[in-house]
> 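If you scroll down you'll find the structure; I have some questions about it.
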Amino acid sequence: MQKGAILVLSGPSGSGKSTVINAASEEIGEYYFSISTTTRAKREGEVDGVDYFFVDREDFEEDIKAGNFLEYAQVHGNYYGTSLKPVKEALKEGKLVIFDIDVQGHRLVRAKMNDITTSVFITPPTLKELEKRLRARSTDDEAVIAKRLQNAKSEIAAAGEYDFTIINDSVEVAAKQFVTVSKAARLKQSRESREKFIKEWFGEE
Ligand code: 5GP
């Protein structure tokens with residue numbers, strides 16, 4: 001029986017990750033996009049349960065204690081985490097599970113589920129272009145933009161840890177490359193050891 005695979009997508013805020021996923025979504029085939037939980041404030045236009053599950057720090061820390069996260073990290077001073085349960089279910093159903101997580105999250109997922117994980121780092125062509133995009137989004141104030149740019153500089157240094165890099169200059173080209181990467185990610189699920197590995201990892205055997 002075929003089991004699922006994981007595709008980790010990372011890149012600085014403003015690199016266009018969600019735009020690329022949306023542009024590629026019809027050609028990726030059936031997939032499950034993991035909705036993260038965060039303590040950061042909701043941006044204008046964001047919807048609870050669609051973009052993120054927005055919670056307060058107390059609830060997040062309770063979930064950490066209860067072991068409900070596959071991985072979590074602090075980014076820009078806020079918690080972000082991936083809940084274990086829906087991911088486990090989607091993998092069991094044989095789906096491609098897509099994570100939009102930061103470089104710390106990628107390291108944790110690799111450490112736990114390297115066998116079924118493919119990863120891709122998305123970046124704008126230059127730091128200058130990233131700054132332009134963050135300002136154009138104009139949902140964040142200057143201090144937040146400065147923090148995001150600082151974070152982007154350290155994230156880019158981790159790009160070499162990923163299987164693939166996509167330079168998001170043209171969304172159309174980037175989306176095509178993302179479709180190719182997601183096809184490669186699916187191929188990982190064909191290895192015979194997969195089913196046994198997943199059961200063991202989740203402590204079911
Ligand atoms: P934003 O606040 O712009 O939505 O996201 C900030 C950063 O947090 C992005 O780099 C995003 O990939 C990362 N992020 C979002 N959800 C998660 C998560 O569940 N885990 C981790 N480790 N990072 C996340």
Side-chain angles (χ1 to χ4, degrees), residues 6-22 32-57 59-64 66-88 90-91 97-114 117-124 127 130-159 161-162 164-166 168 174 178 181:
I6 290 173
L7 177 55
V8 174
L9 176 63
S10 300
S13 305
S15 59
K17 285 168 290 183
S18 36
T19 313
V20 170
I21 295 179
N22 288 339
Y32 170 77
F33 182 78
S34 165
I35 301 167
S36 297
T37 301
T38 185
T39 59
R40 89 144 156 75
K42 208 194 285 177
R43 288 199 198 111
E44 216 180 295
E46 284 183 331
V47 178
D48 188 32
V50 176
D51 299 285
Y52 283 104
F53 295 106
F54 295 96
V55 300
D56 59 29
R57 287 187 83 85
D59 285 344
F60 198 102
E61 282 167 358
E62 266 175 30
D63 271 346
I64 295 174
N68 290 341
F69 289 116
L70 166 62
E71 64 76 36
Y72 70 91
Q74 296 222 30
V75 187
H76 315 130
N78 288 302
Y79 280 123
Y80 292 81
T82 305
S83 294
L84 186 58
K85 205 169 156 227
V87 171
K88 180 179 165 178
L91 286 175
V97 182
I98 301 180
F99 293 146
D100 170 350
I101 57 177
D102 82 326
V103 299
Q104 307 169 75
H106 171 242
R107 286 182 194 129
L108 293 167
V109 171
R110 278 252 170 245
K112 286 181 175 170
M113 312 189 89
N114 185 45
T117 300
T118 301
S119 63
V120 57
F121 191 89
I122 297 199
T123 173
L127 181 63
L130 175 65
E131 188 169 353
K132 207 172 103 190
R133 290 186 196 177
L134 285 176
R135 287 190 199 288
R137 188 156 81 178
S138 74
T139 46
D140 300 317
D141 63 31
E142 274 306 311
V144 172
I145 290 175
K147 217 182 212 181
R148 287 176 188 276
L149 285 173
Q150 197 50 45
N151 200 53
K153 288 180 196 166
S154 57
E155 287 228 312
I156 205 92
E161 297 170 23
Y162 288 72
F164 303 99
T165 303
I166 292 178
N168 183 14
F178 188 69
V181 170

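Both ligands and their constituent atoms are indexed starting at 1 by order of listing.
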> Compare all side-chain heavy atoms of Asp59 with those of Thr39 and state whether any distance is below 4.5 angstrom.
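Contact flag for Asp59/Thr39 side chains = no.
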> Quick check against the 3.5 Å criterion: does Lys112 have a side-chain atom that pairs as donor or acceptor with the backbone of Leu70?
yes
> Under 3.5 Å between some N or O of ligand 1 and some N or O of Glu46?
no
> Just distances here: any N/O of Arg43 and N/O of ligand 1 closer than 3.5 Å?
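N/O-N/O distance under 3.5 Å: yes.
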> If you count the atoms of ligand 1 from 1 in the order shown, which ones are under 4.0 Å from a heavy atom of Thr82?
19 (O)
> Pick out which of Leu84, Val87, Thr82 makes a side chain to side chain contact (heavy atoms under 4.5 Å, CB included) with Glu71.
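By the side chain to side chain contact (heavy atoms under 4.5 Å, CB included) criterion, Glu71 pairs with just one of Leu84, Val87, Thr82: Thr82.
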> Relative to atom 23 (N) of ligand 1, which among Asp102, Thr37, Val103, Asp51 owns the nearest non-hydrogen atom?
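Result: the heavy atom closest to atom 23 (N) of ligand 1 is in Asp102.
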> So does Arg148 pair up with Glu131, basic N to acidic O under 4.0 Å?
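Result for this pair is no, no salt bridge flagged.
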> With distance as the sole test, does Asp51 use its side chain to make a donor-acceptor pair with the main-chain N or O of Val47 at under 3.5 Å?
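Here the side-chain-to-backbone pair exists.
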> Are any of the side-chain heavy atoms of Phe69 and Ser83 separated by less than 4.5 Å?
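With C-beta onward as the side chain, the pair touches.
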> Using a heavy-atom cut-off of under 4.0 Å, does the side chain or the backbone of Val75 touch ligand 1, or both, or neither?
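Side chain only.
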> Please list, in number order, the atoms of ligand 1 under 4.0 Å from a heavy atom of Ser13.
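This gives 3 (O), 6 (C) as the contact atoms.
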> Nearest to atom 20 (N) of ligand 1, what protein heavy atom do you find, and at what distance?
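Its nearest protein heavy-atom neighbour is Glu71 OE2, 2.7 Å.
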> Could you tell me which atoms of ligand 1, counted from 1 in the order shown, lie closer than 4.0 angstrom to a heavy atom of His76?
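Those qualifying, in numeric order: 6 (C).
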> Applying a strict 4.0 Å limit to heavy atoms, is Ser10 in contact with ligand 1?
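No, Ser10 has no heavy atoms under 4.0 Å from ligand 1.
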> At under 4.0 Å between heavy atoms, which part of Arg40 makes contact with ligand 1: side chain, backbone, both or neither?
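It is the side chain that gets close, since no backbone atom is under 4.0 Å.
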> Do you know the tightest heavy-atom contact between Asp48 and Phe53?
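That would be OD1-CA, 3.3 Å.
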> Provide the number and element of each atom of ligand 1 under 4.0 Å from a heavy atom of Gly11.
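Listed by number with element, the hits are 10 (O).
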> Show me which atoms of ligand 1 lie under 4.0 Å from any heavy atom of Asp100.
11 (C), 12 (O), 14 (N), 15 (C), 16 (N), 17 (C), 24 (C)
> Salt bridge (Lys or Arg N to Asp or Glu O under 4.0 Å) with Glu62: which residues, sequence neighbours excluded?
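Expected list: none.
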> Which ligand 1 atoms are under 4.0 Å away from a heavy-atom of Lys17?
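The atoms of ligand 1 under 4.0 Å from a heavy atom of Lys17 are 9 (C), 10 (O), 11 (C), 12 (O).
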> Would you call the rings of Tyr72 and Phe60 parallel, tilted or perpendicular, taking 30° and 60° as the class edges?
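Correct class here is perpendicular.
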> Just wondering, do Asn168 and Ser15 contact through their side chains at under 4.5 Å, heavy atoms?
no
> Considering Ser36, Ser18, Ala73, which one's heavy-atom position lies nearest to atom 19 (O) of ligand 1?
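Looking at heavy atoms only, the winner is Ser36.
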> Out of curiosity, Thr117 OG1 to Arg110 CZ, how far, rounded to the nearest 0.5 Å?
5.5 Å
> Relative to the heavy atoms of Gly105, which atoms of ligand 1 are at a distance of less than 4.0 Å?
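In order of number, 22 (N).
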> From atom 1 (P) of ligand 1, work out which of Tyr72, Tyr52, Phe99, Phe53 has a heavy atom at the shortest distance.
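Checking each option, the heavy atom nearest atom 1 (P) of ligand 1 is found in Tyr52.
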> Should one rank Ile101, Asn151, Thr38, Leu70 by closest heavy-atom distance to atom 24 (C) of ligand 1, which comes out on top?
Ile101
> Could you list which atoms of ligand 1 come closer than 4.0 Å to a heavy atom of Arg148?
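Going through ligand 1 atom by atom, the ones under 4.0 Å from Arg148 are 1 (P), 2 (O), 3 (O).
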